[in-house]
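Scroll down for the structure; my scribbles are underneath it.
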Number of protein chains: 2
Amino acid sequence: MAEGTGGPGGGESLLFLTDEQLRKGIEAMFFAYRGFTADPDRILEGMDYGRAHHRAIHFIHRSPGTTVNNLLSILGVTKQSLNRVLRTLIEDGLVESRVGRQDKRERHLVLTEKGAALERELSDAQRARMRAAYRAAGPAAVQGFRQVLEAMMDPQLRRQYQTLKETGS
Amino acid sequence: MAEGTGGPGGGESLLFLTDEQLRKGIEAMFFAYRGFTADPDRILEGMDYGRAHHRAIHFIHRSPGTTVNNLLSILGVTKQSLNRVLRTLIEDGLVESRVGRQDKRERHLVLTEKGAALERELSDAQRARMRAAYRAAGPAAVQGFRQVLEAMMDPQLRRQYQTLKETGS
DNA sequence: CGGTTTATGTCAGCCTTGTTGACTTTCCAA
DNA sequence: TTGGAAAGTCAACAAGGCTGACATAAACCG
């Protein structure tokens, strides 16, 4: 094992690209994603909501006034699927749906105070885990983490992520 | 807010722990996981299998001869849920279930040649994406990636991951 | 030996969250 | 004025989670 960055030829070792290393990354993604969703899931169970509601709430919070179509393209589900979730959130008074000013066909989605409160509770929990992981790994690791994740996305999703990433920072 | 580890005197900045940075990491996980599962999902659609079958096949390949109970604890689902998946895999001749030698209550699971072929197809696709991401990000980033993911896991899952990580390397 | 526990499998029923297909209403824009 | 876009809805279905109840075989223990 081992072999440094500067083997006989001067280039970087490609050992990090072995099937073995890749497999570890794949399994790490699997187990880490479980942790990633665990805290919000715990909060939501018991309420009538699930992970799908969490995702909707997250992105509405993230882009207040976003349209249904916009949300659809971010979440990557069908409108029937999203509508089922949105309907309950609107009925329960967590989300408000406002008719568009310029284009009255559009609905602009915003969190109510009640919705914002749940969003805060969920994202506090998720951020707490993330913060602990970031702190344990350190800033250099975090940078690498984000680089690899970004490279792993489908190009279309990467564009959406980058658009999102820039707004609000 | 802000303020480095050592003030002006040379510690690391804690800017990477801002809510903004954490939110980017959260969204990166969300979008990256979609990419992570996209290729195997594409292969499996049309066959009668889904992501649950993929996971079972992956870990049986990973630990040939593993028992049902062992697989249950790795996958974190109920035995009824796993059994539905295993039954079809066994019926279709992708997985073989062998009565234990010492403990005849146990069933040891192994992939048949047919099962191994599907495993190869799935993991080739998943590794190809991972390899491209690793290559694009570079070895230092990969190390950071794995560090953060590991820190994000629940302690119990982290132990399972680490056990798995060591075997077979 | 007999009782208890463990490992596995199975039936039935439920929930969430995804899908497709068909159809409506409203409204913008050419 | 007409075609198409945005949104919403109904119905039906599938995957993959879950619980609860129960059955069998084997191991283990007193």
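Keep in mind that the numbers below use all heavy atoms, side chains included, and drop hydrogens, waters and symmetry copies. Naming convention: chains lettered A, B, ... in sequence-line order (proteins, then strands); numbering from 1 in each chain.
Heavy-atom contacts of chain A under 4.0 Å fall on DNA chain D between two terminal nucleotides, which in 5' to 3' order are dG4(D) to dC10(D).
Between the CG atom of Asn83(A) and the C1' atom of dT20(C) there is a distance of 15 Å, given to the nearest Å. Separating the OH atom of Tyr49(A) from the P atom of dC15(C) is a distance of 17 Å, rounded to the nearest angstrom. Regarding Asn69(B), its CG atom lies at a distance of 17 Å from the P atom of dT5(C), rounded to whole Å. Rounded to whole angstrom, the span from the CZ atom of Arg87(A) across to the P atom of dT17(C) amounts to 14 Å. If you measure from atom CD1 of Ile90(B) to atom C1' of dT8(C), you get 11 Å, rounded to the nearest angstrom.
Within 6.0 Å of CD in Gln162(A) there are more than 12 heavy atoms belonging to other residues, nucleotides or ligands.
Of the two residues contacting DNA chain C, namely Asp48(A) and Ser81(A), the nearest-nucleotide position lying further toward the 5' end is that of Asp48(A).
A ring-centre distance under 6.0 Å is found for Phe30(B) and Phe59(A).
For Arg87(A) and Glu91(A), the salt-bridge test fails: no basic side-chain N is under 4.0 Å from an acidic carboxylate O. A salt bridge is defined here as a Lys NZ or Arg NE, NH1 or NH2 lying under 4.0 Å from an Asp or Glu carboxylate O, and Glu27(B) with Arg23(B) meets this definition. The residues Asp124(B) and Arg131(B) are annotated as not salt-bridged, no charged nitrogen and carboxylate oxygen being separated by less than 4.0 angstrom. For the pair Glu96(A) and Arg98(A), the salt-bridge criterion is met [side-chain N within less than 4.0 Å of a carboxylate O].
Using a 4.5 Å cut-off between side-chain heavy atoms of Ile, Leu, Val, Met, Phe, Trp and Tyr, with links allowed through other members, Tyr49(B) and Val110(B) fall into different hydrophobic clusters.
Here the closest heavy-atom approach between residue Lys24(B) and residue Tyr161(A) is recorded as O-OH, 3.5 Å.
A heavy atom closer than 4.0 Å to some atom of DNA chain C occurs in Gln102(A), Asp103(A), Lys104(A), Arg105(A), these being the qualifying members of residues 92-108 of chain A.
Side-chain atoms of Gln80(A) come within donor-acceptor range of the base of dG21(C), with a qualifying N/O pair under 3.5 Å.
Arg84(B) comes within 4.0 angstrom of a base, heavy atoms only.
Using a 3.5 Å distance cut-off with no hydrogens or angles, the side chains of His54(A) and Glu119(A) do not pair a donor with an acceptor.
Neither OP1 nor OP2 of dG18(C) sits under 4.0 Å from any side-chain N or O of Thr78(A).
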